[in-house]
Enquirer: 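Have a look at this one before I ask anything.
Values in this document were obtained by computation on a predicted structure and should not be read as measured data. All ligand and atom numbering here is 1-based and tracks the order in the structure. The first residue of the sequence shown is numbered 1, and numbering continues consecutively from there.
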Amino acid sequence: MIHNNLPKIWYGGDYNPEQWDDATMEEDLRMFKLADIDVATVNVFSWARIQPSEEKYDFEQLDQIIDRLHQGQVAVCLATSTGAHPAWMAKRHPDVTRVDYEGRKRKFGGRHNSCPNSPTYRKYARLIAGKLAQRYKDHPALVAWHISNEYGGYCYCDNCEEAFRVWLQKRYGTIRQLNKAWYTSFWGHTFYNWDEVVAPNALSEEWAGNRTNFQSISLDYRRFQSDSLLDCYLIEYEEIRKYSPDIQITTNLMGTYPELDYFKWAKHMDVVSWDNYPSIDTPVSFTAMTHALMRGLKSGQPFMLMEQTPSQQNWQAYNALKRPGVMRLWSYQAVAHGADTVMFFQLRRSIGACEKYHGAVIEHVGHEHTRVFRECAELGHELTQLSDKLLDSRVDAKAAIIFDWENRWVVELSSGPSVALKYVDEVHKYYDALFEQHIQTDMISVEENLDKYDLVIAPVMYMIKPGFAEKAEAFVKRGGTFITTFFSGIVNETDIVTTGGYPGKLRKLLGIWAEEIDALLPGQQNQIVMKQNRGELSGTYNCSILCDLIHSEGAEVVAEYGSDFYKGMPAVTVNKFGKGEAWYIASSPDKAFLQSLLAQICKDKGITPLLHAPAGVEVTRRVKGGKSYTFILNHNSEASGLQLQAEPRLDLLSGKLVNGSYSLAAKGVMILEQ
Ligand code: GLA
Ligand code: ZN
């Protein structure tokens with residue numbers, strides 16, 4: 001839950017005044033007032049500044065920054081600065097720098113560059129976190145701790161390799177178990193001693209980032225590196241907690257970032273925070289899905305939007321400006337999905353190095369008479385007006401999609417059947433189809449309790465973890481609808497195939513057997529031909545990527561393939577199981593199929609759209625204390641006509657009562673209270 005010293009949607013962001021002089025900071029504070037900016041994240045990359053040498057710490061400048069922010073009524077989200085180690089540390093203790101995928105020892109440079117298993121890094125990260133916590137724990141400006149920054153990247157150094165062996169011993173106990181789990185009888189890989197195991201990178205089992213000879217080894221290395229970075233986070237977390245028991249602690253995540261198992265991480269975060277950087281052409285539903293995923297990390301608890309740009313990025317190939325109104329629209333999109341803060345990177349632009357062309361609330365011109373500042377100030381005033389109304393409200397969804405990082409790792413490490421299979425894209429197809437129908441959807445972990453849902457979709461559920469099949473069966477038995485797809489139920493948690501027929505442990509629930517899997521060439525399609533019309537579903541649709549060749553073992557065949565030697569074999573099945581049903585979608589269908597399928601299933605289940613609204617209009621709902629807040633966001637570049645309820649409702653943003661036919665301006669937003 002977000003700390004309520006600041007009982008409103010926090011508004012502000014990353015702020016780096018150590019890069020400029022005092023007079024500039026005074027100007028910043030003046031302008032923050034104009035925009036109702038009330039929180040600043042400081043000290044994100046100041047490790048070299050606050051620890052100039054191994055023995056010396058110097059907090060004078062940070063003291064001043066925090067005091068002045070406080071005087072200016074700006075709260076502080078205090079970062080620990082360990083996202084980039086100082087140059088002296090790299091020079092004196094070479095173990096802090098990483099060894100990369102190609103096996104090259106890195107020198108000092110960049111950021112997010114520390115080896116997570118470096119004894120030096122861990123020692124000094126713990127020390128700095130403890131010193132900061134002791135010094136600022138009672139500072140009245142302090143509202144949150146921000147550990148490091150955007151953890152990520154893997155290391156393949158000798159220390160990591162050593163630590164990997166220890167991690168493996170803990171996980172498998174004996175070398176025999178390890179050999180079994182990894183299937184090392186293949187290609188003569190039997191290990192007799194733990195120290196024969198090496199890190200899987202381009203010098204050993206892997207190439208091209210995600211190609212590998214041994215999926216099980218590569219999978220475990222991903223788990224291990226995610227855990228190693230998590231350990232670094234926990235070292236700082238525990239140190240801060242010792243001194244600062246009541247202030248929430250977070251670290252900023254990156255949405256669908258591939259390298260870390262965020263569900264595991266979130267268990268150790270008081271509040272999830274994340275950095276949202278869509279490009280101008282990122283599908284709106286992809287951003288929506290990512291917000292939902294960040295909300296799902298802690299089972300629906302509100303999250304912090306820690307960073308977004310007010311205008312443009314610098315690191316994309318083409319850094320388009322956010323068009324007028326878009327910054328406001330995307331800020332409310334985050335809130336609509338469960339954010340309780342709206343924060344930017346950054347409050348003032350740097351004038352040197354690679355982020356000088358990254359957008360900021362205060363631009364290089366240095367005054368408030370800019371389009372970007374005006375838009376930021378207007379949003380600031382609105383958020384002040386909203387006060388605490390929306391804080392801690394929840395999104396209440398009946399439909400959920402399962403997302404699993406470990407499953408994603410093995411799907412994408414798999415050698416065959418197709419390089420075109422991308423886990424996140426398959427998940428997004430299902431989210432998008434629900435999104436377009438204004439069906440509120442949660443993104444959940446495989447561990448989540450399914451009881452509150454009526455519909456659970458598990459796209460490409462390739463890896464079945466212990467207990468999952470039973471949980472899915474219980475869910476369907478009591479009346480739930482479960483949907484899974486091709487390439488599901490195939491392996492266990494170490495990527496070893498469940499023999500006796502795909503989809504393995506899901507076979508009983510789905511009532512099918514998948515005999516073979518065909519991979520389609522780029523551009524090649526098969527068809528999903530409905531055996532008979534079924535509500536919204538009728539006629540023929542296209543499908544691609546993979547086609548499972550399945551046999552019904554009790555499931556009803558809803559549609560068949562339309563071509564190739566498996567023409568006439570089932571392409572879509574549904575199996576009655578207890579009071580519910582389990583669907584199998586044997587290929588990757590086109591949008592039209594998924595929209596019709598999910599529209600029909602939602603209709604059958606009584607899961608109703610929040611509103612009937614035109615394409616490009618997003619609708620979500622948050623609820624709190626018997627009240628509901630319906631967000632209507634017009635992502636279109638023209639006004640969109642809406643048909644609202646007959647009874648007038650208060651739009652919190654315009655302060656007006658609205659009902660009936662209504663035209664929502666281009667990029668416009670409404671929050672209707674009920
Ligand atoms: C990330 C980082 C920030 C900044 C922004 C730029 O989110 O956390 O420090 O580099 O990217 O977009
Ligand atoms: Zn390392």
Enquirer: Could you find the nearest protein heavy atom to atom 6 (C) of ligand 1 and give me its residue, atom name and distance?
Expert: His358 NE2, 3.1 Å
Enquirer: Among all protein non-hydrogen atoms, which one is nearest to atom 9 (O) of ligand 1, and what is the separation to 0.1 Å?
Expert: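 So the nearest neighbour among protein heavy atoms is Arg111 NH1, 2.9 Å.
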Enquirer: Run the numbers for me: atoms of ligand 1, each under 4.0 Å from some heavy atom of Phe45, listed by number.
Expert: 9 (O)
Enquirer: Taking the Zn ion (ligand 2) as the vertex, how big is the angle to SG in Cys155 and SG in Cys115, rounded to 10°?
Expert: 120°
Enquirer: Does a side chain donor of either Glu27 or His367 reach within less than 3.5 Å of an acceptor in the other side chain?
Expert: no
Enquirer: Could you walk me through whether Lys264 and Asp227 pass the salt bridge (Lys or Arg N to Asp or Glu O under 4.0 Å) test, one step at a time?
Expert: CA-CA 9 Å; Lys264 196 164 182 188; Asp227 284 359; 2.9 Å; yes
Enquirer: State, without any angle test, whether Glu259 and Tyr151 hold a side-chain donor-acceptor pair at a distance under 3.5 Å.
Expert: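 There is no such pair (donor and acceptor under 3.5 Å, judged by atom type) between the side chains of Glu259 and Tyr151.
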Enquirer: Flag Trp315 as yes when one of its N or O atoms lies below 3.5 Å from any N or O atom of ligand 1, and as no otherwise.
Expert: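 The answer is yes, given that Trp315 and ligand 1 share an N or O pair closer than 3.5 Å.
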Enquirer: Test of understanding: given a 4.0 Å heavy-atom threshold, classify the contact between Gln346 and ligand 1 as side chain, backbone, both, or neither.
Expert: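 Gln346 to ligand 1: no contact under 4.0 Å from either part.
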Enquirer: So that I can tick it off, tell me whether Glu375 and Arg328 are bridged by a salt bridge, with the cut-off set at under 4.0 angstrom between side-chain N and carboxylate O.
Expert: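 Here Arg328 does not pair with Glu375 in a salt bridge, since their nearest N and O are not under 4.0 Å apart.
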Enquirer: By number and element, which atoms of ligand 1 are closer than 4.0 Å to a non-hydrogen atom of Asn149?
Expert: 2 (C), 8 (O), 9 (O)
Enquirer: Does a side-chain N-to-carboxylate-O contact under 4.0 Å join Glu363 and Arg349?
Expert: yes
Enquirer: Kindly confirm or rule out a cation-pi arrangement of Lys91 over Phe108, judged by NZ or CZ under 6.0 Å from the six-membered ring centre and within 45° of its axis?
Expert: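 That pair does not qualify as a cation-pi contact.
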Enquirer: With heavy atoms of Glu150 as the reference, note each atom of ligand 1 found under 4.0 Å away.
Expert: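 Per the distance check, 1 (C), 2 (C), 7 (O), 8 (O).
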Enquirer: May I ask you to check whether His337 and Glu618 show a side-chain donor-acceptor distance below 3.5 Å?
Expert: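 Side-chain D/A pair, His337 to Glu618: present.
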Enquirer: Would you mind checking which non-hydrogen protein atom is closest to atom 3 (C) of ligand 1, with the distance to 0.1 Å?
Expert: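 Minimum-distance protein heavy atom for atom 3 (C) of ligand 1 reads Glu307 OE1, 3.4 Å.
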Enquirer: Can you confirm whether Met31 sits close enough to Arg348 that some side-chain heavy atom of one is under 4.5 Å from a side-chain heavy atom of the other?
Expert: yes
Enquirer: Could you tell me the residue and atom name of the protein heavy atom closest to atom 4 (C) of ligand 1, and the distance to it rounded to 0.1 Å?
Expert: Glu355 OE2, 3.2 Å
Enquirer: Just to be sure I read this right, does ligand 1 sit under 4.0 Å from the backbone of Gln316, its side chain, both, or neither, counting only heavy atoms?
Expert: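 The answer is neither; Gln316 stays 4.0 Å or more away.
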Enquirer: Hey, is ligand 1 close enough to Asn314 that some N/O pair sits below 3.5 Å?
Expert: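 In fact, backbone or side chain, Asn314 has no N or O that close.
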